Amino acid sequence: MAIKPNYSAVPIVSDQYTHPPGILVSDYYAESYGYKCYRAEGTKDWLIMYTLSGKGMVNNGRAHYLECNEGTLTMIPPGVLQDYFTAEGYIWTKLWAHFIPRITWMDWIPTSNTEGPIYHIHIDNTFARQSIESAFRRVLSYRFDSFATYREDLTLNALEEIILLIASQKADKKQLDSRVKEVLDILAQNYSENHQIEELAQKVCLSPSRLSHLFKEQIGDSIIETLTKYRLKQAEKLLQYTLRPITDIALGIGFNSPDYFTRQFANYYGINPSQFRKQNIRTIL
């Protein structure tokens with residue numbers, strides 16, 4: 001039985017968090033049948049659990065129990081019933097953490113995909129499962145390393161990696177056509193090069209018109225629009241983290257004209273590259 005099962009990991013003061021972003025508590029459990037936890041009002045933090053082996057049962061908040069087995073990840077939002085236990089005949093081995101997310105994570109944290117309020121997914125990709133487990137174990141190692149100078153930051157960064165891996169799994173569920181995905185990979189890895197639709201179509205064994213139609217249908221943007229966005233995202237990083245002249249950045253990411261780059265950047269971000277750099281200069285001091 002969990003110690004103090006009705007205890008909120010984060011104290012409540014006028015329904016507001018009293019802790020900054022961070023991991024409140026995390027651990028590795030291998031619990032046999034009889035282990036259970038019940039918090040009727042949940043906690044004021046997020047709970048994430050990743051199952052390594054065995055089987056656990058988690059209430060989805062609507063009196064329906066979901067199975068947690070090898071490769072299953074479960075995330076319970078603040079204020080949501082926490083009712084889970086080891087299934088009969090099993091030892092439930094899991095990694096878990098209670099945490100307060102950074103604000104920037106909120107765009108990545110997935111919403112419920114069950115009939116209740118929790119998020120529950122089985123990670124099919126072997127590499128993703130290994131990466132999530134590795135990041136979780138780094139969360140634990142950093143937490144217990146009293147000599148790590150930036151222990152809290154390292155711990156949060158490891159958890160952020162887990163959140164991003166979850167977000168990528170959600171994105172991969174879109175089931176893109178393999179030929180569209182191949183073109184996306186080519187554009188992402190070679191964004192500074194000039195790409196002809198005819199050449200891309202030949203690489204994936206489609207006609208140019210069929211590739212253009214299929215790509216637009218699945219991605220929502222044309223091939224040229226997608227390539228431009230990849231270039232602009234790289235420009236954003238270079239403006240934030242380097243002092244390279246804007247003309248050099250424009251030419252380096254594939255734009256033939258600095259003026260055209262400036263127009264495209266302003267259309268996408270709402271301000272020109274010079275203004276963007278001024279607003280973010282603190283990141284490169």
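What you are looking at is a predicted structure, and each value in this text was computed from that prediction instead of being measured.
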- request: Return yes if some donor-acceptor pair links the side-chain N/O of S212 with the main-chain N/O of P208 below 3.5 Å, else return no.
  value: yes

Closest approach of I118 to S112 (non-hydrogen atoms, all atoms of both residues): O-OG, 3.2 Å

message: For Y260, give me all partners under side chain to side chain donor-acceptor pair (under 3.5 Å), at least two apart in sequence or on another chain.
response: Q264

From OG (S131) to CG (L164), nearest 0.5 Å: 12.0 Å

message: Please enumerate all residues that pass side-chain contact (heavy atoms from CB on, under 4.5 Å) together with I246, with sequence neighbours excluded.
response: L239, F261, P273, S274, R277

query: I48 pairs by side-chain contact (heavy atoms from CB on, under 4.5 Å) with which of I166, I76, I109?
result: I166

message: List the residues meeting side-chain contact (heavy atoms from CB on, under 4.5 Å) with R244, not counting sequence neighbours, and say none if there are none.
response: L238, T242, D248, I249

query: Should N157 and Y150 be marked as a side-chain contact (heavy atoms from CB on, under 4.5 Å) after you check the CA-CA gap, both sets of side-chain angles, and the distance that decides it?
result: CA-CA 11 Å; N157 287 344; Y150 298 103; over 6 Å; no

field: Side-chain heavy-atom pair Y268, K233 within 4.5 angstrom cut-off
entry: yes

- prompt: With ILVMFWY side chains joined below 4.5 Å, transitively, what does Y65's cluster contain besides itself?
  reply: M57, F85

- prompt: Can you check whether D177's main-chain N or O pairs, donor with acceptor, with Q218's side chain at less than 3.5 Å?
  reply: yes

- request: Using a 4.5 Å cut-off on heavy atoms from C-beta on, say whether the side chain of I121 contacts that of M75.
  value: no

- request: Of all the heavy-atom pairs spanning I163 and W105, show the shortest one and how long it is.
  value: CG1-CE3, 4.0 Å

- prompt: Quick one: side chain to side chain donor-acceptor pair (under 3.5 Å) partners of Y269, sequence neighbours excluded?
  reply: E236

task: Apply the test side-chain contact (heavy atoms from CB on, under 4.5 Å) to residues I223 and L211: give CA-CA distance (whole Å), side-chain angles for both, the deciding distance (0.1 Å), then the verdict.
output: CA-CA 9 Å; I223 292 174; L211 172 61; 3.9 Å; yes

message: Restricting to non-hydrogen atoms, name the atom on L156 and the atom on G22 that form the minimum distance, rounded to 0.1 Å.
response: CD2-CA, 3.8 Å

field: Interatomic spacing from CD1 in I100 to CG in L159 - rounded to 0.5 Å
entry: 11.0 Å

- request: Would you mind reporting whether W46 and H98 have side-chain heavy atoms less than 4.5 Å apart?
  value: no

message: If the condition is side-chain contact (heavy atoms from CB on, under 4.5 Å), which residues does Y33 pass it with, not counting sequence neighbours?
response: E88

task: Decide yes or no on salt bridge (charged side-chain N to carboxylate O under 4.0 Å, His left out) for D221 and K216, but give the supporting numbers first.
output: CA-CA 5 Å; D221 291 321; K216 177 75 173 180; 5.0 Å; no

- prompt: Hey, are the side chains of F99 and L47 touching, using non-hydrogen atoms and a 4.5 Å cut-off?
  reply: no

- prompt: Can you check side chain to side chain donor-acceptor pair (under 3.5 Å) on T72 and H122, steps first, answer last?
  reply: CA-CA 4 Å; T72 298; H122 184 268; 4.6 Å; no

- prompt: Is E161 salt-bridged to R138, cutoff N-O under 4.0 Å?
  reply: yes

- line: Heavy-atom nearest pair, T155 first then I23, reads CG2-CD1, 3.1 Å

query: Does the T114 side chain pair with the main chain of G116, one donor and one acceptor, at a distance under 3.5 Å?
result: yes

message: Applying side chain to side chain donor-acceptor pair (under 3.5 Å), can you list everything that pairs with S257, at least two apart in sequence or on another chain?
response: none

task: May I have all residue pairs that pass salt bridge (charged side-chain N to carboxylate O under 4.0 Å, His left out) and include part of residues 101-114, sequence neighbours excluded?
output: R102-E160

query: What are the two closest non-hydrogen atoms of I123 and A128, and how far apart are they?
result: CG2-CB, 3.8 Å

- prompt: Relative to the ring of Y84, is the ring of W92 parallel (under 30°), tilted (30 to 60°) or perpendicular (over 60°)?
  reply: perpendicular

message: I'd like to know if Y35 and Y90 are part of one continuous hydrophobic network [Ile/Leu/Val/Met/Phe/Trp/Tyr, side-chain heavy atoms within less than 4.5 Å].
response: no

- line: Across all chains, not counting sequence neighbours, the side chain to side chain donor-acceptor pair (under 3.5 Å) partners of Q82 are R39, T43

- request: Decide yes or no for N59 and L81: does some side-chain heavy atom of the first lie under 4.5 Å from some side-chain heavy atom of the second?
  value: yes

- line: In terms of heavy-atom contacts, A30 and I91 come closest through C-CG2, 4.0 Å

message: Would you say that Y28 contacts T93 through its side chain, given a criterion of any heavy-atom pair below 4.5 Å between the two side chains?
response: yes

Please tabulate, for side-chain N and O atoms in residues 183-202, each donor-acceptor pair with protein atoms closer than 3.5 Å (sequence neighbours left out).
residue	atom	partner	partner atom	Å
N190	ND2	I186	O	3.0
Y191	OH	Q234	NE2	3.4
H195	NE2	N190	O	2.8

Residue pairs involving residues 64-86 (criterion salt bridge (charged side-chain N to carboxylate O under 4.0 Å, His left out); sequence neighbours excluded): K55-E67, E70-R129

task: Under the side-chain contact (heavy atoms from CB on, under 4.5 Å) rule, collect the residues that match up with S222, sequence neighbours excluded.
output: I224, E225

field: Non-hydrogen side-chain atoms of K36 and T86 separated by less than 4.5 Å
entry: no

- prompt: Cluster question for you: counting only ILVMFWY and a side-chain heavy-atom cut-off of under 4.5 Å, with indirect links fine, are L24 and I103 together?
  reply: no

- line: d(S141 OG, R151 CZ) to nearest 0.5 Å is 11.5 Å

task: Taking the six-membered ring for Trp and the full ring for Phe, Tyr or His, determine whether the centres of W96 and Y29 are under 6.0 Å apart.
output: yes

- prompt: Going by heavy atoms in the side chains, are E133 and Y50 under 4.5 Å from each other?
  reply: yes

